[in-house]
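Accompanying notes for the structure given below.
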There are 2 protein chains.
Amino acid sequence: MNHKESHTLILNNISRFIDLTELEKQKYISLLTEIKVQKKDFLLQAGEIVKYEYFITKGCLKVYTLDEDGAPHISMFAIEDYWTGDLSSFMTKEPSKYYIKATEHSELLGISRANYDLLFQEIPKFERFYRILYQKSLISYIRRSNHGISLTAEERYIEFKKKYSQTVNRITQKDLAAYIGITPEFMSKIITKVNRM
Amino acid sequence: MNHKESHTLILNNISRFIDLTELEKQKYISLLTEIKVQKKDFLLQAGEIVKYEYFITKGCLKVYTLDEDGAPHISMFAIEDYWTGDLSSFMTKEPSKYYIKATEHSELLGISRANYDLLFQEIPKFERFYRILYQKSLISYIRRSNHGISLTAEERYIEFKKKYSQTVNRITQKDLAAYIGITPEFMSKIITKVNRM
DNA sequence: TAAAAGTCTTAAACTAGTTCATTTTTTTTC
DNA sequence: GAAAAAAAATGAACTAGTTTAAGACTTTTA
């Protein structure tokens, strides 16, 4: 994917919530860093202090933690036109508990913490952009934390498939199990059962 | 609680993230509505379109949905100095799926949707306030949706008790069970077990 | 302040989901 | 394109959490 295409993608994403002048667009683009990661490479490993917030222009990545037993718990799959990172470490500058690993060759645009802070001074409209972006994310995480607790694994799988039909075919069953919160064995059983219905 | 006390409480909450002039403070306060709810009364019922976002100056409320079997799933307990409501219905103007019920006599300050929109025009600094407020909430809900899936009920209980030690004594075990995502019977077992340790 | 309603506890039988072990299928790598 | 590695499927024995039921305790209400 060339520069122009990835810049169009991120600017279109931003224009959902705010309008930028040509000059502001140029200024914004100048604050971004291009990053490429090969399949299976890490964008982030636990213990590191998070340097960037990322926008994905191409590819797919998984964001996860490891529990005391070393078992992964995936908190999101990030694909094209999505934002990802670890907001907590990015903001507090404390070591992250997350890993971010590419499940496909991926291309991203990153904004550093210094440029993120600068952005609000230079183009205050971005306060609005992030206000709305975080508001929408918050709404979906509130729903998700409720559903995670109140639905059965089978219901969570059916909901995921409905909501993220583009993503479900790009990830392994094992990773899906780590997202849904069950073992790969039980995931296999559920999929067999649901497909039979 | 008198007007002055509740205004001081909300202005202090806001001053965590932005500084307001005296004039801005007055303007902001003028956009708020005072609401009182008796114990067991509803601030919101499913099917209604959410009119306000709320700041609690006194009391305790539970925010919950009912599943197809009529079982409640509590998504948060809101006490003094917390914000609550249903952001989804407030923003989309679609009917809410949530109930909000006072578990104690409670006093709140509400901002209507019209005034919320007006606020950003009149005092653009509030974009920043809400950007930071939502960012912080988002960070804690991301963590929570991960933990809800990866921890056992006992671990979730221990974590809740540690994090919300002031709240845990103000709510019933039954409501706590509906928050943790288990039956009251199993909640009882866990509490007996944890206290024995 | 009695009685009604709601909450908490305990226990036995049950189910959703785990663990462990083995085989088959698919993907990766040289 | 063969060998190695990883993912998926299957099944049996297990555990965390549910269901149902009944009795004890606490709070609310008339």
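Any value given below was found using the heavy atoms of this structure, including those in side chains, with hydrogens, waters and symmetry copies removed. Reminder, nothing fancy here: chain letters follow the sequence lines and each chain counts from 1.
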Could you state the [atom1]-[atom2] distance from [X] to [N], rounded to the nearest angstrom?
| X | N | atom1 | atom2 | answer |
| --- | --- | --- | --- | --- |
| B/Asp69 | D/dT20 | CG | P | 10 Å |
| A/Phe186 | D/dT15 | CZ | C1' | 13 Å |
| B/Asp175 | D/dT27 | CG | P | 15 Å |
| A/Lys174 | D/dA9 | NZ | C1' | 15 Å |
| B/Leu176 | C/dC8 | CG | P | 10 Å |
| A/Lys193 | D/dG11 | NZ | P | 16 Å |
| B/Lys189 | C/dT10 | NZ | P | 10 Å |
| A/Leu151 | D/dG17 | CG | P | 17 Å |

Could you label the plane-to-plane angle of the B/Tyr52 and B/Tyr54 rings as parallel, tilted or perpendicular, counting under 30° as parallel and over 60° as perpendicular? tilted

Presence of A/Ser188 side-chain N/O under 4.0 Å of D/dA9 phosphate oxygens OP1/OP2: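 It does, given that an N or O in the side chain of A/Ser188 lies less than 4.0 Å from OP1 or OP2 of D/dA9.
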
Check the phosphate of C/dT28 against A/Lys39, side-chain N and O only, distance under 4.0 Å to OP1 or OP2. Yes or no?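 So the side chain of A/Lys39 is within the cut-off, an N or O lying under 4.0 Å from OP1 or OP2 of C/dT28.
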
Is a side-chain donor-acceptor pair under 3.5 Å present for B/Ser96 with B/Asp86?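 Yes, side-chain donor-acceptor contact under 3.5 Å.
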
For the side chain of [X], starting at C-beta, report the closest nucleotide among [options].
| X | options | value |
| --- | --- | --- |
| A/Thr152 | D/dT18, C/dT29, C/dG17 | C/dG17 |
| B/Ile182 | C/dT29, D/dT29, D/dT18 | D/dT18 |
| A/Arg156 | D/dA8, C/dG17, D/dG17 | C/dG17 |

Are any side-chain N or O atoms of A/Gln26 and backbone N or O atoms of A/Leu23, one a donor and one an acceptor, separated by less than 3.5 Å? no

Assuming nearest nucleotide by heavy-atom distance, tell me which of A/Glu185 and A/Ala153 is located more 5' along DNA chain C. A/Ala153

Would you check if the distance from the ring center of A/Phe77 to the ring center of A/Tyr179 is below 6.0 Å? yes

Contact class for A/Thr172 vs. all strands (heavy atom < 4.0 Å): base, sugar-phosphate, or nothing?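 Sugar-phosphate only.
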
Derivation and outcome, side chain to side chain donor-acceptor pair (under 3.5 Å), residues B/Gln45 and B/Tyr99: CA-CA 4 Å; B/Gln45 287 191 263; B/Tyr99 296 81; 5.7 Å; no

Select from B/Thr183 and A/Gln173 the residue whose nearest nucleotide in DNA chain D is closer to the 5' end of that strand.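 Result: A/Gln173.
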
